[in-house]
Amino acid sequence: MEFSQPDTTSMETVEQLRDEIGPLFDVIDTTLDHPEPGHFRFRGQPTYGADDPTGFDRLRAIFERYGYTPFLRREQGRIALYGYPFVVAEPPVRWGLNLLLFVATIFSTLFAGVLGEPAVGALVSSAAEPAEQTRILLMNLWRGWPFCVSILLILGAHELGHYFAARYHRVPASLPYFIPFPFSIIGTMGAFILQRGPSKNVRVQFDIGAAGPYILEGNSIFYATLKTVLFGEFLPSATRDVSLNQVAWAGWVGLLVTALNLIPVGQFDGGRVAQVLVGTRVLKQLFWPILLAMIALGFLAATPTWFVWAALLFFFGNRQEQPLDEITTLDPTRRALAIFTMVLFFLLFVPIPLQQIG
């Protein structure tokens with residue numbers, strides 16, 4: 001996030017700004033140098049309707065002409081309009097790391113795809129030396145393209161949805177960062193974007209936040225129900241289970257990554273959605289219990305997946321975004337979609353993603 005700042009903050013400047021916002025905000029009193037020097041506070045009442053999507057935008061445009069950013073807050077039954085002496089500037093686009101991680105994820109997902117090819121697996125098993133096994137895998141790496149293309153399209157569509165939603169709402173955001181997971185059968189731990197500026201309100205927050213041995217993939221409620229509907233019995237049973245080709249495997253991995261990203265904590269997509277439903281205070285209290293639960297699942301499931309996501313959660317920390325406008329609430333449609341998103345998390349959640357059974 002980059003800022004530009006006004007040269008000076010004076011009562012004369014604040015009075016000029018107060019007069020200009022008069023049609024949008026009825027000011028009762030003004031406090032200079034609050035909450036700290038260079039800032040100011042108006043108290044009063046917005047005159048634009050709560051459902052006017054352009055009201056705050058017009059207010060913000062006036063503030064930015066004077067070199068300030070407005071923050072709307074509720075204080076003891078009143079509305080406070082703060083002026084902070086900076087304007088959020090669009091940071092320059094840096095895509096070098098994004099490209100490096102994307103290329104690494106291409107190779108890691110090609111590797112994951114070729115691991116699922118029975119013909120290649122037979123060749124690898126027949127090779128006696130590790131060097132020969134590696135050579136066979138590298139020579140056949142291209143055979144993993146169905147999984148590679150499928151999972152990158154799934155993750156890319158998901159993250160570009162976040163990116164374009166952020167751009168639509170004038171919120172600075174990075175290009176997607178893909179997370180390679182080398183030498184594994186899933187190839188990636190997903191992707192994410194970095195939001196580099198505050199959202200306008202909770203509606204915008206929601207729009208941006210709301211995509212050899214035999215290995216047994218874990219069941220979620222959704223996945224188990226789908227198999228039961230298609231095959232007429234709960235799978236895996238004692239005698240059979242589904243066998244996924246590369247494209248279907250990419251779909252399962254996509255569902256897994258979606259479920260992980262919907263965990264209702266921190267800066268995950270699920271955390272953003274949960275924040276607009278239950279509030280920042282409740283969400284902060286969930287941080288350590290969920291982090292410890294991830295670590296416990298890592299030991300119980302004997303899989304590195306939960307450790308990786310616990311590390312990501314710890315790295316990003318227990319921080320929640322504070323929107324510029326805190327008085328606008330979710331409209332009924334977004335509230336219903338937010339509740340559905342949380343329900344979707346429970347439907348897709350897989351406690352034990354992968355098991356090695358032979």
Side-chain angles (χ1 to χ4, degrees), residues 98 101 105 151-169 171-179 181 186 188-211 220-222 251-280 282-284 286-287 289-291 293-294 297 305-306 308-323 330 333-351 353:
N98 304 77
L101 290 173
T105 306
I151 193 62
L152 290 180
L153 284 175
I154 291 171
L155 296 177
H158 180 100
E159 293 308 320
L160 286 176
H162 292 313
Y163 176 77
F164 288 122
R167 301 294 299 181
Y168 175 78
H169 289 294
V171 177
S174 72
L175 292 168
Y177 291 91
F178 287 80
I179 309 172
F181 194 6
I186 61 176
T188 177
M189 290 302 294
F192 64 93
I193 66 169
L194 290 177
Q195 188 172 317
R196 293 174 170 169
S199 299
K200 180 173 67 174
N201 54 42
V202 293
R203 297 182 183 185
V204 174
Q205 274 185 300
F206 173 77
D207 288 349
I208 296 174
S220 64
I221 296 175
F222 173 80
W252 183 88
V253 173
L255 291 176
L256 172 65
V257 171
T258 299
L260 293 173
N261 212 11
L262 288 178
I263 295 172
V265 70
Q267 288 296 301
F268 295 154
D269 292 347
R272 296 173 183 269
V273 174
Q275 181 185 357
V276 303
L277 281 176
V278 303
T280 301
V282 174
L283 195 63
K284 282 184 176 293
L286 293 174
F287 179 81
I290 290 180
L291 180 62
M294 285 182 175
L297 280 172
T305 303
W306 287 115
V308 172
W309 278 80
L312 287 173
L313 178 59
F314 183 80
F315 174 76
F316 286 118
N318 192 12
R319 299 188 301 271
Q320 282 75 43
E321 179 201 356
Q322 298 301 314
L330 284 182
T333 300
R334 285 185 175 87
R335 181 168 294 278
L337 287 172
I339 294 172
F340 172 76
T341 301
M342 290 294 93
V343 172
L344 188 63
F345 163 69
F346 288 103
L347 292 177
L348 298 181
F349 180 70
V350 185

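Numbering starts at 1 and runs along the sequence shown.
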Can you give me the closest heavy-atom contact between [X] and [Y], atom names plus distance?
{"X": "Pro264", "Y": "Leu286", "value": "O-CD1, 4.1 Å"}
{"X": "Trp306", "Y": "Phe349", "value": "CH2-CE1, 3.3 Å"}
{"X": "Ala274", "Y": "Met342", "value": "CB-SD, 4.3 Å"}
{"X": "Thr188", "Y": "Ile179", "value": "OG1-O, 2.8 Å"}
{"X": "Thr105", "Y": "Leu101", "value": "OG1-O, 2.7 Å"}

[X] side, atom [atom1]; [Y] side, atom [atom2] - distance, nearest 0.5 Å:
{"X": "Leu160", "Y": "Leu155", "atom1": "CG", "atom2": "CG", "answer": "10.5 Å"}
{"X": "Phe346", "Y": "Leu262", "atom1": "CZ", "atom2": "CG", "answer": "10.5 Å"}
{"X": "Ile290", "Y": "Leu297", "atom1": "CD1", "atom2": "CG", "answer": "11.0 Å"}
{"X": "Phe178", "Y": "Ile151", "atom1": "CZ", "atom2": "CD1", "answer": "9.5 Å"}
{"X": "Leu291", "Y": "Ile263", "atom1": "CG", "atom2": "CD1", "answer": "10.5 Å"}

Can you list the steps and then say if Val276 with Arg335 is a side-chain contact (heavy atoms from CB on, under 4.5 Å)? CA-CA 9 Å; Val276 303; Arg335 181 168 294 278; over 6 Å; no
Next on the checklist: Quick one: does any side-chain atom of Asn98 pair with a main-chain N or O of Pro176 as donor and acceptor, under 3.5 Å?
Outcome noted: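 Answer holds: yes.
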